[in-house]
Every structure is written in C-alpha cells, then in structure tokens.
2 protein chains.
Amino acid sequence: MIEPPDESPSPCLCEADALPPSDQHAQQYAAVRNAHETELLEDYVELIGDLIEHQGEARSADIAQRMGVSQATVSKMVARLKGLGLVASKPYRSLFLTERGEEMAAMSRQRHAIVLRFLRALGISDDTARIDAEGMEHHVSEETLAAMQRFSQQRESS
Amino acid sequence: MIEPPDESPSPCLCEADALPPSDQHAQQYAAVRNAHETELLEDYVELIGDLIEHQGEARSADIAQRMGVSQATVSKMVARLKGLGLVASKPYRSLFLTERGEEMAAMSRQRHAIVLRFLRALGISDDTARIDAEGMEHHVSEETLAAMQRFSQQRESS
DNA sequence: CAATACAGTTAGCCTTTGCTAAGTTATTTT
DNA sequence: AAAATAACTTAGCAAAGGCTAACTGTATTG
Ligand SMILES: [Mn+2]
Ligand SMILES: [Mn+2]
Ligand SMILES: [Mn+2]
Ligand SMILES: [Mn+2]
C-alpha cells in the first residue's frame, strides 16, 4: 500500500459514514458470534417449556415437527442440553427442564414476547412479526428491550 | 401419554398464548436457519465494499482485524466467497467484489443503515445501536424494514 | 541486494448443526 | 400375547465457521 499523500485541504464534509474504529467494529461482530452460540439453546428450552405448559409434556417428535427438523437432530441437541444441565430425561421418555432450564426458558420467553409485541405495535402483520421476532430476539440488548417495552405500552394505551 | 379427560367446562379464557399451528411454527425456525446461511456472507461483502470505499482497498489483514478473527479464517471465507462468485482476487493480492458481490453489498449496506437509523430514532445509545443492528439486520423482513423507515423519518422530522 | 518484517496461504484440528439409514424401545391394535 | 406402528436413539456423513502452527510470498529498509 502506497503511503497516502496526506492531503486534506477541505475537512471533507463529504464523508458518507466513516468506518468505526476497528476495535469497536470487532466488538460488534463478536457480540453477534456470541449470540449465535446460545440462540438455539434458548429456542429449544423455550419450546420445551411451552410444550410442557400447553400440551402437558414435551416429546421429541413434537419438537422435531415444530422445529421443522429431523428427530435425529433433536436427539443430538437434547443430549447437548442435558450435558449443559438445562434438560433432564430418561431414555425413550419425555423431557423436563431443570431449574436452570426453567430460568433460561422464562427469560427467553419474556424477551420473545416483548419483541413480538413491539413488532405488532409497529404495525407489522402477525405472520411477519412472528418470523422476524424469532430471529431478532437473540440480538436485542437490554437497553433496546426496555425501549421496545416503553414503545409498545405507549402505543397500546391510545 | 394418558388421554386427557376431555374436560373444558369453562371455555378457558385463561389461555395465556396458545402455540401457533406447528407448520407455521416450523416456518419461523426455518426462516431463521435460512438467514443464518447468508448472514456472514453479507457481513463480509458489506465490509469488503466499505473497505474499498473508505481505504481504497480491501486486505485480508484489515478484514481479520475488523471482524476480530484470525487471518486463516478470513482466507477460508474468502475462498468460499470466490466459489460463490461474490469476490475476485489473485493470490496474495487484495480483494474485489464481483458484480454480484456489489449488488449484495449494496443491499446489505442499505438494510444495515435502515436498522441502525431506526434504533437511534428509538433512542438507543450509539454503541448499543451498532451492536444490535449488526445482528438484527439479518432477521428483518421487507415489511418490517419499511415500517422502520417510516418510523425514523417521522421521528426525525419533528 | 540481503535481511527482515509483514501479509497471505495451507494443513490439520475442533464444535455446531443439519441430514439419512439402521437399530431399539414403547405403545396400540388385533 | 403377537404383530404392527410409532417414537426414540445411534452411527456415520457433510458443511460452516472457528482456531493454531507452519509455510510461502511481498515489501521495506539497512
Ligand atoms: Mn424465542
Ligand atoms: Mn428464536
Ligand atoms: Mn451489516
Ligand atoms: Mn451483520
């Protein structure tokens, strides 16, 4: 790379939108990679909790169907969840959440609900809101979550 | 599973929030899996485009630093991008976007900008807005994008 | 123009998240 | 109680996305 001639006669008002400093930039991507590590775990425990609540029990076959994934995939994921101490079960029997699993499920469910409500308050159609919420929920900070809540509340009381 | 006694004397007003039909539910997760397939490709081409625009060229070392990832990881990813016809380069030289790469970069950049502007309009602090936008951008439908744009515009003209 | 420093590549490893095919266990039906 | 069906598990494969260590090529500079 040739050394740039160090020109800047005008202070460059044109600057479209400079790149952020590279350490900050790197932090953005790191946060996303981080979210990706727990995303699927959260969706699983949330779903397992919902199934227990709404159907009385959480079975692999139901999870597979609702996630749109093979039973083998669910089996493997459940093994991981058990290893992490989030889920408990005996072979060939239905699934339960551990204490820690319940906590994670509760947090995920709440966050999911806030994002979904927000999108609806924004005027998004139901199907789209559900789809977008399923992905967005894992990338929303506490700060943004709080703002979403304020917004929905205000929008609904009018 | 024991057959439930088929009781529902009261029409159950309590129903917290029933599960969606399972095919719709599966579609939600499928959409997320889908987004995950292109997410990183989008971030790479967007970054390469930005580096070319702001620094004159896109070098692996810069990408690695900005992504917070090793050079080896960038090398492998670039090979994939070349295979997909999004990036062109000769060994040991800096990177260029193909026609298709430019298109993808433009779309990604625009979407990213809309989401970031929206979060700022919502009152989110700059650092947090940047982090959240980096993840959310890949999970936002056209419909939601349009709503975000309307909202920012309206919020800014006041 | 050598020597050194910097940039880029390659090989080999790991984890996650998906799949199919084949085997087991549990439940339901006859 | 046997047979048939449904549910679950296991084994083995692949792609994506990360890493480190070792190597190769390019640029700087004494
Ligand atoms: Mn969720
Ligand atoms: Mn989700
Ligand atoms: Mn982006
Ligand atoms: Mn991004």
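Naming convention: chains lettered A, B, ... in sequence-line order (proteins, then strands); numbering from 1 in each chain.
Look at NZ on Lys90(B): it is 14 Å from P on dT9(C), rounded to the nearest Å. When the P atom of dA7(D) is taken as reference, atom CD1 of Ile63(A) falls 13 Å away, rounded to whole Å. If you take CG of Asp43(B) and C1' of dG17(D), they are 13 Å apart, rounded to a whole angstrom. Straight-line distance from the CD atom of Gln71(A) to the P atom of dC8(D): 6 Å, rounded to whole Å. In this structure, the NZ atom of Lys82(A) is 11 Å from the C1' atom of dT9(D), given to the nearest Å.
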**Steps toward side chain to side chain donor-acceptor pair (under 3.5 Å) verdict (Thr128(A), Glu143(B))** = CA-CA 8 Å; Thr128(A) 306; Glu143(B) 183 185 343; 2.8 Å; yes
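More than 12 heavy-atom neighbours from other residues, nucleotides or ligands sit within 6.0 angstrom of CD on Glu102(A). Counting heavy atoms of neighbouring residues, nucleotides and ligands inside a 6.0 Å radius, atom CD of Gln24(A) exceeds 12 of them.
Here the side chain of Arg100(B) pairs a donor or acceptor atom with the backbone of Leu84(B) at under 3.5 angstrom. Thr98(B) places a side-chain N or O within 3.5 Å of a backbone atom of Gly85(B) that can act as its donor or acceptor partner. Between the side chain of Ser22(B) and the backbone N or O of His25(B), no donor-acceptor pair lies under 3.5 Å.
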Distances for protein N or O near nucleotides 14-18 of chain C N or O, under 3.5 Å:
{"unit_1": "dT17(C)", "atom_1": "OP2", "unit_2": "Arg80(A)", "atom_2": "NH1", "d": "2.2"}
{"unit_1": "dG18(C)", "atom_1": "O6", "unit_2": "Lys76(A)", "atom_2": "NZ", "d": "2.4"}

Any protein N or O atoms within reach of nucleotides 21-25 of chain D? Criterion: under 3.5 Å, listing atom names and distances.
none

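Distance check: Leu47(A) CG to Arg66(A) CZ gives 7.0 Å after rounding to the nearest 0.5 Å. Rounded to the nearest 0.5 Å, atoms CG (Asp126(A)) and CG (Leu116(A)) are 7.0 Å apart. Note that the CG atom of Asp50(B) and the CD atom of Glu53(B) stand 6.5 Å from one another [nearest 0.5 Å].
The distance between the ring centers of Phe151(B) and Phe151(A) falls below 6.0 angstrom. The aromatic ring centroids of His139(B) and His36(B) lie less than 6.0 Å from each other.
For dT9(D), neither phosphate oxygen OP1 nor OP2 lies less than 4.0 angstrom from any side-chain nitrogen or oxygen of Arg93(A).
Remark: nothing in residues 22-32 of chain A comes within less than 4.0 Å of DNA chain D through any heavy atom.
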